[in-house]
Amino acid sequence: MDQPQYSLDPRVNRLRLLESGEPVEVQEGENWNSFEVFHQEKRGAHHEHVGCVHAPNAQLALVFAKEQFARRKKCVNLWVVRSADILAFNAEDEDMFANNAEKTYRDASGFKVMEKINQFKKSTHDKK
Amino acid sequence: MYGGGYIFDEPNKRQLKEEQLHDDPVKLAEFEARIARGEKIEPGDWMPSEYRRQLIRLIEQHAHSEIIGALPEGTWITRAPGFKRKLALIAKVQDEIGHGQLLYNAAETLGKSREAMINDLLSGKSKYSNVFNYPAETWADVTVIGFLIDAAAIVNQVANAKGSYGPYCRALERICYEESFHLKQGHDAFIELATGTPAQKQMLQDALNRWWQPIMHFFGPPDKTSVHSEKLMQWKVKMASNDDMRNQFLDQYVPKIRELGMTLPDPELKKDETTGKWRFSDPDWDLFKKVINGGGPCNAERLQVRQWAEEHGRWVRKALMNPGAVKTAPVA
Ligand SMILES: [Fe+2]
Ligand SMILES: [Fe+2]
């Protein structure tokens, strides 16, 4: 191995990083908790889920969310919520929504009023 | 950047373990049918253990590549020529760190903690894109990275964004959007040197010559030597073969380099017009393996810098985690 003893990065040399070799181990939880981020593009629009950040608390989660998800393009507001506080259905229970599309009585398209009107108009016209 | 097309796997892990061969066949068939229909897999879904393992490996190494990839460029921020280039480089480096965060989050949905991923990076167990084991010697190296390494990464990331795992696709969608700025600012800086003074041109040519071999390594060894990619293709974990991605990259970018009067240090590099495939001299794959296993010019430095950041950032992380602990009441 031909590792150089100095770096092209002056900071690396200043800190003598290439000499120290103490292994570091990061403890579980040291990188904080995760927070889900919701982004509002303009006033009046819904907040939409855009991803998550790691933060020690909600206030800092907002700061990190601003850096991560609102450094370009339009944004007027952000929400954050602890990922652990999100309650969701199991992905496996997806079939409970399976026949939604069949419930035509819940849809405007399930009611054919024009057909009946036209039939009525035709029948009264025929009587004359 | 920088999902290096090549995802390193420890050789002894290439054989599937006993339990990985015995996923519930009914569930496996449902899972494969869902992917064949073009549906995405989400974190709560059943998935084969090998799919989970391969995805963690892929996304984790991609995340590490973003973080480590920011180092050679980050050191150039103070020396970038002019205010506009400094601003652009700061913005790009911030984006790359952000990409790392997005990807760590996506990998975490598969059950490996961020701390465990960082520990595996620091201990050398988990790899990152091999190109970042080389130094950025001059400003021209930074422009070659910004233009061509980002371009190569985009070829890979655009392909992966069509993969089967929902959280990874969503992260990549955002990443690809930001990468378009990286590519453009890199191209702009590249053009400035290529059309500049003779000294600038020479500096750029030197950097191109240095970086060409790592760039040819970027997408990994040729298909004929790659193991276990068929299943990964079927599961839409791997979206294109190493050779196909390399060819697509050459097709898109070699003309953009040559039109500026720059040359590439490979006399064999030429497009075969009948097959549409690029021909080139065989990259040195022994060197590639040596560098990925720790023998490159910057491997030690990259990890030391990362380790230093973890060590010296620890008190900040702790203080923020527990703000009450530092409060003291007046004693008199
Ligand atoms: Fe990136
Ligand atoms: Fe990038």
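Worth saying up front: this structure is predicted, and the values here are computed from it rather than measured. We name chains A, B, ... by the order of the sequence lines, and we start the count at 1 in each one.
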Rounded to the nearest 0.5 Å, how far does CD of Glu30(A) lie from CZ of Arg114(B)? 11.0 Å
Working for side-chain contact (heavy atoms from CB on, under 4.5 Å), residues Val50(A) and Arg174(B): CA-CA 9 Å; Val50(A) 285; Arg174(B) 182 168 282 270; 3.7 Å; yes
Can you tell if the side chain of Tyr177(B) reaches within under 4.5 Å of the side chain of Arg72(A), non-hydrogen atoms only? yes
Would you mind telling me which of Gly51(A), Ser34(A), Ala91(A) has the largest number of heavy-atom pairs within less than 4.5 Å of chain B? Ala91(A)
Can you tell me if Arg37(B) has over 12 outside heavy atoms packed within less than 6.0 Å of its CZ? yes
CG (Asn33(A)) and CE (Met321(B)) are apart, to the nearest 0.5 Å, by 5.5 Å
Part of Phe181(B) lying under 4.5 Å from any heavy atom of chain A: side chain
With side-chain hydrogen bond (donor to acceptor under 3.5 Å, both in side chains) as the test, would you mind laying out the steps for Ser113(B) and Glu28(A) before giving the verdict? CA-CA 8 Å; Ser113(B) 73; Glu28(A) 281 297 316; 2.7 Å; yes
Under 4.5 Å to a heavy atom of chain B? For Val12(A) that would be side chain
At a heavy-atom separation under 4.5 Å, does Leu71(B) approach chain A through its side chain, its backbone, both, or neither? neither
How about Phe97(A): does its CZ atom have over 12 heavy atoms from other parts shown lying under 6.0 Å from it? yes
Heavy-atom pairs under 4.5 Å with chain B are the metric here; pick the option from Arg71(A), Glu67(A), Glu25(A), Glu92(A) that has the most. Arg71(A)
If I take atom CZ from residue Arg317(B) and atom CH2 from residue Trp32(A), how far apart are they, to the nearest 0.5 angstrom? 7.0 Å
Tell me, for Phe69(A) versus chain B, whether the close heavy atoms (under 4.5 Å) come from the side chain, the backbone, both or neither. both
Any non-hydrogen side-chain atom of Asn105(B) less than 4.5 Å from a side-chain atom of His54(A)? yes
Is there a side-chain contact between Glu94(A) and Glu42(B) in this structure, where contact means two heavy atoms from C-beta onward sitting under 4.5 Å apart? no
Portion of Leu8(A) that has a non-hydrogen atom of chain B nearer than 4.5 angstrom: both
Taking the side chain as C-beta and beyond, is there a heavy-atom pair between Val53(A) and Gln101(B) under 4.5 Å? no
Under 4.5 Å from any heavy atom of chain A - which part of Ala136(B): backbone
If one checks every heavy atom of Glu108(B) against chain A at 4.5 Å, the contacting part turns out to be side chain
Tightest non-hydrogen contact, residues Glu115(B) and Gln27(A), listed as CG-O, 3.1 Å
More than 12 foreign heavy atoms under 6.0 Å from NZ of Lys66(A): is that the case here? no
Using a cut-off of 6.0 Å, state whether more than 12 heavy atoms not belonging to Lys121(A) lie near its atom NZ. no
Side chain / backbone / both / neither for Asn31(A) at chain B, heavy atoms under 4.5 Å: both
Is the shortest heavy-atom distance from the side chain of Ser7(A) to the side chain of Gln304(B) under 4.5 Å? no
Could you pull out the closest heavy-atom pair between Arg79(B) and Pro10(A), with the gap in Å? NH2-CD, 4.2 Å
Quick one: which of Ile118(B), Leu303(B), Ile97(B), Asn119(B) has the most heavy-atom pairs under 4.5 Å with chain A, could you say? Asn119(B)
Inspect the surroundings of CD in Glu137(B) and state if more than 12 heavy atoms from other residues, nucleotides or ligands are less than 6.0 Å away. yes
